[in-house]
Amino acid sequence: MGDEMDTSFITRIQNMLLGLDSTGIHRDSENYHTVLVNPIISAGKDMTKDIAGKIADVGSNTGNLMFAEGIKEQIAYEKEIWIAGDSLEGVDKPTVIMPSANFMIHGSDSFIEGCQRFLDSTDCPVTLAGLGAQSTKELDTPRKLVDILTPAKKKYFKALSERAVTIGIRGGFTAECLELLGVHNYRIIGCPSFYKYLNGRFPKLPRPGLERTQITVTTGTPLESRILEMGIRLNSVWLMQMMTEMPKSAFEGETISPVWVERRFPGLKVGLDEYSRYLRSRSRMFFTIDSWNRYYREENITFSFGSRFHGNMASIRNGVPALWITHDSRTTELAKALHVPYITIQRFADIRNPEEMLELCDYSEMYAHYRELCINYIAFLEENHISHRFRIRK
């Protein structure tokens with residue numbers, strides 16, 4: 001028997017033990033066909049748009065690329081659609097999964113109403129992967145947030161719970177919100193973007209260094225302004241994700257208003273000229289996953305820090321160590337659920353020496369838990385009849 005035949009035979013045996021078909025994909029035993037609802041299906045399709053149009057196509061935050069594209073790598077789907085019932089035509093026995101983020105949030109109902117219409121026009125299993133509740137300074141407890149949710153949102157989460165075996169959610173804060181709504185069939189999975197390595201082993205990251213750093217920052221508070229000040233001090237690349245970070249000034253030459261700078265970064269201890277030079281020379285923003293990944297190879301980033309969850313996740317997915325700076329319930333519950341290194345933004349404000357951040361960038365807990373987190377995520381996919389590409393023997 002030749003080496004090639006030996007390898008093929010071993011692969012077939014391994015796939016059989018793992019419950020995989022001949023293509024190496026775990027197919028649902030009840031013959032469901034996976035359909036992916038992509039909430040940012042237009043992302044990167046028209047790069048001739050201005051910066052505002054391109055940001056709108058990624059759902060107002062480029063970080064959405066991380067979880068939408070991440071789940072596409074993991075599952076074996078028959079069709080990729082937007083939330084419209086007729087999009088399921090031609091799919092026999094569909095089961096639907098939609099990567100999600102801040103769906104449980106105070107604000108407009110327009111998107112949730114679209115999701116509800118999708119549920120009403122279909123009768124197949126539907127679940128979300130990564131559902132999160134978004135707190136604010138005022139709505140800082142699950143009870144406060146749930147009490148202010150509109151009837152449309154409450155109706156949707158209840159209806160969704162009746163259609164899903166389990167709902168994949170971010171962490172403990174979101175779980176408490178669902179419990180208050182009377183929804184109990186959920187599984188904490190963190191974020192789909194975390195599960196890049198289909199064998200359940202996260203490769204060891206290099207030691208972080210300050211040679212070529214990256215920052216991410218969320219606008220609006222003096223504590224966030226401290227992150228930007230540290231980034232300017234280190235001449236870091238500023239990885240932008242939203243319109244609030246003034247990308248029109250960075251990339252399209254819009255005038256930089258001192259009033260807007262103060263509004264976005266209150267108490268910033270950097271002069272307008274220095275800020276302007278930094279903004280226009282060190283800012284980066286990406287609207288496709290390929291260009292985002294390529295940036296890490298070309299820029300040779302050695303360390304990432306900041307308050308944008310997916311900006312840091314993009315880094316570790318590309319082999320760059322990152323330190324999360326948590327500033328709200330969303331970033332805190334994700335960091336805790338996934339065991340990634342983090343400090344609170346209040347703790348960051350006390351840091352004077354940037355080398356301190358490197359010492360805090362400890363991945364031992366994440367490495368120790370990664371396999372079991374992957375297995376938990378696989379259980380979520382399989383109990384919802386989602387075909388996937390993971391190769392971990394449970």
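Atoms considered below: every heavy atom in the structure, side chains included; atoms not considered: hydrogens, waters and symmetry mates.
Between the side chain of R212 and the backbone N or O of E299, at least one donor-acceptor pair lies under 3.5 Å. No donor-acceptor distance shorter than 3.5 angstrom exists from the side chain of N384 to the backbone of I386, with no hydrogens or angles considered. Side chain of N38 to backbone of W82: no donor-acceptor contact under 3.5 angstrom is found. In this structure, E224 contributes its side chain and F265 its backbone to no donor-acceptor pair below 3.5 Å. Here the side chain of R201 pairs no donor or acceptor atom with the backbone of Y197 at under 3.5 angstrom. The backbone N or O of A56 lies less than 3.5 Å from no partner atom in the side chain of S60, so there is not a single donor-acceptor pair. Of the possible donor and acceptor atoms, one in the side chain of T34 sits under 3.5 Å from a partner among the backbone N and O of S387. With hydrogens and angles ignored, the 3.5 Å screen pairs a side-chain donor or acceptor of N64 with a backbone N or O of V58. A donor-acceptor distance shorter than 3.5 angstrom exists from the side chain of T302 to the backbone of G209, with no hydrogens or angles considered. Put simply, the side chain of K248 never gets that close to the backbone of M243: no donor and acceptor are under 3.5 Å apart.
Shown are T95, D92, V91; of these, the side chain to side chain contact (heavy atoms under 4.5 Å, CB included) with Y32 is made only by T95.
Hydrophobic clustering, with ILVMFWY side chains joined whenever heavy atoms are under 4.5 angstrom apart, groups I343 together with L358. Transitive grouping of hydrophobic side chains (ILVMFWY, heavy atoms separated by less than 4.5 Å) keeps I97 and V165 in distinct clusters. Both I83 and I167 belong to a common hydrophobic cluster when Ile, Leu, Val, Met, Phe, Trp and Tyr are linked at side-chain heavy-atom distances under 4.5 angstrom. Residue M240 is not grouped with residue M313 when hydrophobic side chains (ILVMFWY) are merged at heavy-atom distances under 4.5 angstrom, including chains of intermediate members. L65 is not connected to M242 by any chain of hydrophobic side-chain contacts under 4.5 Å among Ile, Leu, Val, Met, Phe, Trp and Tyr, and they are in different clusters.
At a cut-off of 3.5 Å, with distance as the only test, a side-chain donor of Y296 or Q214 sits close to an acceptor on the other residue. N185 and T166 form no side-chain donor-acceptor contact under 3.5 Å, judged by distance and modelled atom types alone. Using a 3.5 Å distance cut-off with no hydrogens or angles, the side chains of E333 and T174 do pair a donor with an acceptor. In summary, the side chains of T288 and D290 do not present any donor paired with an acceptor at a separation below 3.5 Å, with no hydrogens or angles considered. There is a side-chain donor-acceptor pair under 3.5 Å between E382 and H388. Between T213 and S236, the side chains place a donor N or O and an acceptor N or O closer than 3.5 Å (distance only, hydrogens not considered). Counted by atom type alone, S307 and T218 present one or more donor-acceptor pairs between their side chains at under 3.5 Å. Inspection of the N376 and E372 side chains reveals no N or O donor paired with an N or O acceptor under 3.5 Å. In the model, R163 has a side-chain atom that pairs as donor or acceptor with a side-chain atom of T122 under 3.5 Å.
Summarising the geometry of C124 relative to V96, their closest heavy-atom pair is SG-CG2, 3.7 Å, with the distance given to 0.1 Å. In terms of heavy atoms, P266 sits closest to S225 at O-OG, 3.0 Å. Nearest heavy atoms, P192 versus G130: CD-CA, 4.2 Å. The shortest heavy-atom contact between A175 and I188 is CB-CD1, 4.5 Å. Of all heavy-atom pairs between S193 and F309, the closest is OG-CE2, 4.4 Å. Residue D140 comes nearest to K144 through the heavy atom pair OD1-NZ, 3.0 Å, listed as atom of the first residue, atom of the second, then distance.
Geometrically, K204 engages Y367 in a cation-pi contact defined by less than 6.0 Å to the ring centre and at most 45° from the axis.
Taken from CG in L228 to CZ in R264, the straight-line distance is 13.0 Å, to the nearest 0.5 Å. Rounding to the nearest 0.5 Å gives a distance of 5.5 Å between CD of Q346 and CG of L223. Taking CH2 of W260 as the start and OG of S249 as the end, the distance is 10.5 Å to the nearest 0.5 Å. With rounding to the nearest 0.5 angstrom, the CG atom of N293 is 11.0 Å from the CD atom of E298. Interatomic distance, L131 CG to R187 CZ, rounded to the nearest 0.5 Å: 15.5 Å. A distance of 14.5 Å separates NE2 in H327 from OH in Y342, rounded to the nearest 0.5 Å.
Taking the six-membered ring for Trp and the full ring otherwise, the centers of H310 and F67 sit less than 6.0 Å from each other. Not less than 6.0 angstrom separates the ring centroid of W238 from the ring centroid of F305.
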Does the pair F111 and F103 meet the rule for a ring pair (Phe, Tyr, Trp, His ring centres under 6.0 Å), with working shown?
CA-CA 9 Å; F111 179 71; F103 287 9; 5.0 Å; yes
For the pair N312 and L323, evaluate side-chain contact (heavy atoms from CB on, under 4.5 Å) and give the outcome as yes or no after the intermediate values.
CA-CA 7 Å; N312 287 321; L323 179 67; over 6 Å; no
Assess the residue pair R233 and M230 against the criterion (side-chain contact (heavy atoms from CB on, under 4.5 Å)); give the C-alpha distance rounded to whole Å, side-chain angles, the decisive distance to 0.1 Å, and a yes or no.
CA-CA 5 Å; R233 175 180 168 185; M230 183 70 81; 4.0 Å; yes
Would T331 and T326 satisfy side chain to side chain donor-acceptor pair (under 3.5 Å), going step by step from the backbone distance to the final call?
CA-CA 5 Å; T331 50; T326 61; 4.9 Å; no
Would you check, one step at a time, whether the test side-chain contact (heavy atoms from CB on, under 4.5 Å) holds for Y275 with Y278?
CA-CA 5 Å; Y275 169 81; Y278 177 74; 5.6 Å; no
Apply side chain to side chain donor-acceptor pair (under 3.5 Å) to the pair Q134 and D328, showing each step before the final yes or no.
CA-CA 8 Å; Q134 179 63 62; D328 61 6; 3.1 Å; yes
With side-chain contact (heavy atoms from CB on, under 4.5 Å) as the criterion, how do L36 and M98 come out once you've worked through the C-alpha distance, each side chain's angles and the decisive distance to 0.1 Å?
CA-CA 6 Å; L36 171 68; M98 178 162 60; over 6 Å; no
Between Y370 and F194, does the ring pair (Phe, Tyr, Trp, His ring centres under 6.0 Å) criterion hold? Intermediate values first, please.
CA-CA 9 Å; Y370 191 72; F194 182 64; 5.0 Å; yes
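For H106, the NE2 atom is loosely surrounded, since the number of other residues' heavy atoms within 6.0 Å does not exceed 12. Around atom NZ of K79, more than 12 heavy atoms belonging to other residues, nucleotides or ligands sit under 6.0 Å away. The environment of CG in D123 is sparse: at most 12 heavy-atom neighbours from other residues, nucleotides or ligands sit within 6.0 Å. Under a cut-off of 6.0 angstrom, the local environment of NZ in K336 is sparse, with at most 12 non-hydrogen atoms contributed by other residues, nucleotides or ligands.
Contacts classified as salt bridge (Lys or Arg N to Asp or Glu O under 4.0 Å) and involving residues 265-282 (residues at least two apart or in different chains) are not found. Listed by first and then second residue, the salt bridge (Lys or Arg N to Asp or Glu O under 4.0 Å) pairs involving residues 58-73 are E69-K72, K72-E80, E73-R317 (not counting sequence neighbours). Contacts classified as side-chain hydrogen bond (donor to acceptor under 3.5 Å, both in side chains) and involving residues 42-52 (residues at least two apart or in different chains) are given here: D46-T48, K49-D57.
No side-chain heavy atom of F390 sits under 4.5 Å from any side-chain heavy atom of N199.
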